[in-house]
Engineer: 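Got a structure here, written out as structure tokens. Questions coming.
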Amino acid sequence: MNNTPVYLDSYTLQSDMRIRLPKSVINNLQAVPGKTEFSFYFDSTTQSVIMKICDKKPDSNNEVKENG
């Protein structure tokens, strides 16, 4: 697999800290606006922000346990 980043588009950071995502991000990640959550990481070596779809893991405190 190719590890070279793919350029999608450039957007300006808005005054309320929002950044618009290119439609190609939504299509390629099969993200659902208003539902899909992302995790953000900072790579200090390359001064890059990495955005990944959030890994949802069940919260052990909220799990329903079956008897038996």
Side-chain angles (χ1 to χ4, degrees):
M1 181 172 208
N2 188 354
N3 287 333
T4 305
V6 176
Y7 175 78
L8 298 173
D9 209 343
S10 295
Y11 287 91
T12 301
L13 179 66
Q14 297 181 20
S15 60
D16 62 357
M17 303 299 289
R18 289 181 296 139
I19 299 173
R20 294 183 68 96
L21 294 178
K23 288 183 182 178
S24 57
V25 170
I26 304 301
N27 294 335
N28 286 314
L29 295 177
Q30 294 150 4
V32 178
K35 292 189 178 185
T36 303
E37 291 187 25
F38 291 94
S39 296
F40 292 86
Y41 303 89
F42 177 66
D43 183 338
S44 60
T45 305
T46 62
Q47 295 289 300
S48 300
V49 174
I50 302 158
M51 179 181 77
K52 297 173 77 172
I53 289 184
C54 199
D55 266 340
K56 289 278 192 167
K57 295 178 183 164
D59 184 356
S60 60
N61 295 330
N62 293 330
E63 286 183 359
V64 177
K65 295 181 180 179
E66 294 182 24
N67 294 330

Engineer: Under the side-chain hydrogen bond (donor to acceptor under 3.5 Å, both in side chains) test, which residues partner Gln47, sequence neighbours left out?
Structural biologist: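 Applying side-chain hydrogen bond (donor to acceptor under 3.5 Å, both in side chains) to Gln47 gives none.
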Engineer: Say whether Val49 and Val25 are linked into one hydrophobic cluster, either directly or through other cluster members, by side-chain heavy-atom distances under 4.5 angstrom.
Structural biologist: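 Both belong to a single hydrophobic cluster.
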Engineer: Kindly write out the residues that satisfy side-chain contact (heavy atoms from CB on, under 4.5 Å) with Thr4, not counting sequence neighbours, or none if the list is empty.
Structural biologist: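 Expected list: Asn2.
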Engineer: So which heavy atom on Tyr11 is nearest to which on Pro22, and how close?
Structural biologist: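 Closest heavy-atom pair between Tyr11 and Pro22: CE1-CG, 3.6 Å.
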Engineer: The criterion is side-chain hydrogen bond (donor to acceptor under 3.5 Å, both in side chains); which residues satisfy it with Tyr7, sequence neighbours excluded?
Structural biologist: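 Tyr7 satisfies side-chain hydrogen bond (donor to acceptor under 3.5 Å, both in side chains) with Ser10 once adjacent residues are dropped.
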Engineer: If you look only at pairs with a residue in residues 28-42, which of them pass as a salt bridge (Lys or Arg N to Asp or Glu O under 4.0 Å), with sequence neighbours excluded?
Structural biologist: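 Matches after skipping sequence neighbours: Glu37-Lys56.
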Engineer: Under the side-chain contact (heavy atoms from CB on, under 4.5 Å) rule, collect the residues that match up with Val6, sequence neighbours excluded.
Structural biologist: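 Once residues adjacent in sequence are excluded, the partners of Val6 under the side-chain contact (heavy atoms from CB on, under 4.5 Å) criterion are Leu8.
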Engineer: Other than Tyr41, which residues form its hydrophobic cluster under the rule that side-chain heavy atoms must be closer than 4.5 Å?
Structural biologist: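 Reading the cluster by chain and number, Tyr41 sits alongside Ile50.
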Engineer: Taking atom CD1 of Ile19 and atom CE of Met51, what is their separation to the nearest 0.5 Å?
Structural biologist: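 With rounding to 0.5 Å, CD1 (Ile19) is 9.5 Å from CE (Met51).
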Engineer: Are Leu13 and Phe42 co-members of a hydrophobic cluster defined by side-chain heavy atoms under 4.5 Å apart?
Structural biologist: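 No.
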Engineer: Tell me, which pairs form a salt bridge (Lys or Arg N to Asp or Glu O under 4.0 Å) where one or both residues lie in residues 5-14, sequence neighbours left out?
Structural biologist: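 For residues 5-14, and leaving out neighbouring residues, there are no salt bridge (Lys or Arg N to Asp or Glu O under 4.0 Å) pairs at all.
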Engineer: For Thr36, enumerate each residue passing the side-chain contact (heavy atoms from CB on, under 4.5 Å) test, keeping only those at least two apart in sequence or located in another chain.
Structural biologist: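 For Thr36, the residues satisfying side-chain contact (heavy atoms from CB on, under 4.5 Å) (neighbours in sequence not counted) are Ala31, Val32, Phe38, Ile53.
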Engineer: Checking Asp43 now: which residues fulfil salt bridge (charged side-chain N to carboxylate O under 4.0 Å, His left out) with it, not counting sequence neighbours?
Structural biologist: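 For Asp43 there are no salt bridge (charged side-chain N to carboxylate O under 4.0 Å, His left out) partners, ignoring immediate neighbours.
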Engineer: Holding to side-chain hydrogen bond (donor to acceptor under 3.5 Å, both in side chains), I want the full list of residues that pass it with Ser44, two or more places apart in sequence or in another chain.
Structural biologist: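 side-chain hydrogen bond (donor to acceptor under 3.5 Å, both in side chains) check on Ser44 returns nothing, list empty.
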Engineer: Looking at residues at least two apart in the chain, or sitting in another chain, which of them share a side-chain contact (heavy atoms from CB on, under 4.5 Å) with Gln30?
Structural biologist: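 Result, side-chain contact (heavy atoms from CB on, under 4.5 Å) vs Gln30: none returned.
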Engineer: Quick one: side chain to side chain donor-acceptor pair (under 3.5 Å) pairs with a partner in residues 13-23, sequence neighbours left out?
Structural biologist: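 Sorted pair list: Gln14-Arg18, Asp16-Arg18.
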